[in-house]
A.B. asks: 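After the C-alpha cells below, expect a handful of questions from me.
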Protein chains: 2
Amino acid sequence: MKERAEGAQVRDRFGFLLKHARERLSAISGPALIPTGINGRELAVLTVLVQGEPPSQLEAAQRLGIDRSTMVTLIDELEAKALVERRPDGVDRRRNIVALTSRGRKTLAAATEIVDAAEREFLAPLSAHDAKRFREMLQVVTFPGPHRARPPR
Amino acid sequence: MKERAEGAQVRDRFGFLLKHARERLSAISGPALIPTGINGRELAVLTVLVQGEPPSQLEAAQRLGIDRSTMVTLIDELEAKALVERRPDGVDRRRNIVALTSRGRKTLAAATEIVDAAEREFLAPLSAHDAKRFREMLQVVTFPGPHRARPPR
DNA sequence: TATTGTTATACTCTATAACTATA
DNA sequence: TATAGTTATAGAGTATAACAATA
C-alpha cells in the first residue's frame, strides 16, 4: 500500500491554480495579440478609456486597480504608438484627460475580438453553461461586495 | 438615453479577474502567514517536497512549473531558515535531494492550516457546493487535457 | 494644504545563457 | 555529449517617495 493522506497537494491550491490559469490564458492571448501591436495590459488600458466618460490618468489607474505612477508609463507607450492622446483638462489644469485616437479605436476593436476568441479557447474545457457560471463565480470571489452575492438584509 | 453597448468591460475580462483574484487571495493569506516566517511561494515549495518521493531540485521545480534556476534561490532561502536540507544523491552526484527538516515539517503544518483558512475566507462569497464546483472548473481550465479528475484505481 | 502627473528608485518574480561537476 | 545545480544578468510588472504645477 502506498502512502496516503499527504495533506494538501499543490495542484489543489488556489494560489497555484490562479497563477497557472493566468499563464495559460496569456499563452493563448499573448501570441494572438502580436499583430495588433499591443499586449493584454495595454488592451486593458484602452478598454477602460472608453468606459463611460474619458478619464484622467488617475481615474484610468483606479479603474484598473493600479498606481497612478504605473499609468504614466502605460500612457507613454500608447501615446508613442499613436493610440491615445493626452488632453489637458480645461477646468482643472492638473489633470490629463486621456482619449483614444481613431487608430486607437481600430486597434481596440481588433484586439477585443482576438481576446474574446482567446477567452473562448481558454474556456473550451467547460460547457457553455459552466463557462458562464465560472465567470460569475470568479467575479464574486474577486470582488465580493454588497452588489451581488446575497445581501445580508 | 445614456450610451450603450460599449463592448467588453474590463471587469469581465478573465485576465483582469484572474489578476485581481490572486491579489485578493494574497491580501488574505499574506499577512496571515507572517507568523510562520514563510510566504505562499515558500509554502508551495515545502508542499511539493513532501508529495511522493523527495525530489531533486529539478523535480521540485517541475512540480511547481518554474525554472530550475529559480528553485536554487527558493531552496537557499528555505535552507537559511533551516526548514529544508540539501542531501547529495548517493547514486547520481549531480543531484541534490531536498528534504524537510523537522522544523520544516512543523512550519508546513502550521502554514497549511493558515492557507486552508485563507482559502475558506476567499471562497466565503460562494456556497460550499459552488466553492467545490469553482475549484473543479478552475482546475480544468488551468490544466485541460486528458486529465484524471479522480485518481486512477 | 491637498491633488495630479511625473521621475527616480527599488522590489518581486521570473527566465535565459553560460559555467562546473558530474554522468 | 547531456544533465543538475549554480551564477550572472535581464526583463516584466509593480509600488513608494519626493517633486513641480495647480487647486
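So that the names make sense, note that chain A is the first sequence line, chain B the second, and so on, each numbered from 1. Quick caveat, the model's predicted, so the values are computed rather than measured.
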A.B. asks: In whole Å, what is the span from the CD atom of Glu42(A) to the P atom of dT14(D)?
C.D. replies: 12 Å
A.B. asks: Output a table of nitrogen or oxygen pairs between the protein and nucleotides 19-22 of chain C separated by less than 3.5 Å.
C.D. replies:
none

A.B. asks: Would you say the side chain of Arg13(B) lies within less than 4.5 Å of the side chain of Asp116(A), judging by non-hydrogen atoms?
C.D. replies: yes
A.B. asks: Between Gly90(A) and Thr73(B), which residue's closest nucleotide on DNA chain D lies nearer the 5′ terminus?
C.D. replies: Thr73(B)
A.B. asks: Ignoring backbone atoms, test whether Lys19(B) places a side-chain nitrogen or oxygen under 4.0 Å from the OP1 or OP2 oxygen of dG13(D).
C.D. replies: no
A.B. asks: Whole Å only: how far is the CG atom of Asp76(B) from the C1' atom of dT12(C)?
C.D. replies: 16 Å
A.B. asks: Within the 4.0 Å heavy-atom criterion, would you say Ser56(A) contacts the bases, only the backbone, or no part of the nucleic acid?
C.D. replies: sugar-phosphate
A.B. asks: Check whether any side-chain N or O of Arg95(A) sits under 4.0 Å from OP1 or OP2 of dA21(D), and answer yes or no.
C.D. replies: no
A.B. asks: Taking CD from Glu77(A) and P from dT6(C), how many angstroms apart are they, rounded to a whole number?
C.D. replies: 14 Å
A.B. asks: For Lys81(A), what residues pass the side-chain hydrogen bond (donor to acceptor under 3.5 Å, both in side chains) criterion, not counting sequence neighbours?
C.D. replies: Glu42(A)
A.B. asks: With a non-hydrogen cut-off below 4.0 angstrom, is Val98(B) in contact with a base, only sugar-phosphate, or nothing?
C.D. replies: nothing
A.B. asks: Take the protein atom CG of Asn39(B) and the nucleotide atom P of dC11(C), then report the distance between them rounded to whole Å.
C.D. replies: 16 Å
A.B. asks: Report whether Val140(A) and Phe14(A) are members of the same hydrophobic cluster (ILVMFWY, side-chain heavy atoms less than 4.5 Å apart, transitive linking).
C.D. replies: yes
A.B. asks: Hey, does the side-chain of Ser69(A) have a donor or acceptor N/O within less than 3.5 Å of a partner on the base of dT16(D)?
C.D. replies: yes
A.B. asks: Ignoring hydrogens, what is the shortest heavy-atom contact between Ala131(A) and Leu123(A)? Give both atom names and the distance.
C.D. replies: CB-CD1, 4.1 Å
A.B. asks: dG5(C) P sits how many Å from Arg87(A) CZ, rounded?
C.D. replies: 15 Å
A.B. asks: What's the closest nucleotide to the side chain of Thr70(A) if the choices are dG5(C), dG5(D), dA15(D)?
C.D. replies: dA15(D)
A.B. asks: Could you go through the ring-ring contact (aromatic ring centres under 6.0 Å, His included) check for Phe122(B) and Phe134(B) one step at a time?
C.D. replies: CA-CA 12 Å; Phe122(B) 176 70; Phe134(B) 178 60; 7.1 Å; no
A.B. asks: Between Leu58(B) (CG) and dA15(C) (P), how many Å, whole number?
C.D. replies: 13 Å
A.B. asks: Would you say the side chain of Leu78(B) lies within less than 4.5 Å of the side chain of Val45(B), judging by non-hydrogen atoms?
C.D. replies: yes
A.B. asks: Are any of Arg22(B)'s side-chain N or O atoms less than 4.0 Å away from OP1 or OP2 of dT14(D)?
C.D. replies: no
A.B. asks: Output the single nucleotide from dG5(C), dA15(C), dT14(D) whose closest atom is nearest the side chain of Asn96(A).
C.D. replies: dG5(C)
A.B. asks: Would you kindly give the CD-to-C1' distance between Glu23(A) and dG13(D), to the nearest whole Å?
C.D. replies: 14 Å
A.B. asks: Measure CZ/Phe16(B) against P/dT14(D) and give the value in whole Å, please.
C.D. replies: 11 Å
A.B. asks: On DNA chain D, check which nucleotide each of Asp89(A) and Asp67(A) is closest to and give me the residue with the more 5' one.
C.D. replies: Asp67(A)
A.B. asks: Can you give me the closest heavy-atom contact between Thr107(B) and Thr36(B), atom names plus distance?
C.D. replies: CG2-O, 3.8 Å
A.B. asks: A side-chain contact here means heavy atoms from C-beta on lying under 4.5 Å apart; do Phe16(A) and Thr47(B) qualify?
C.D. replies: no
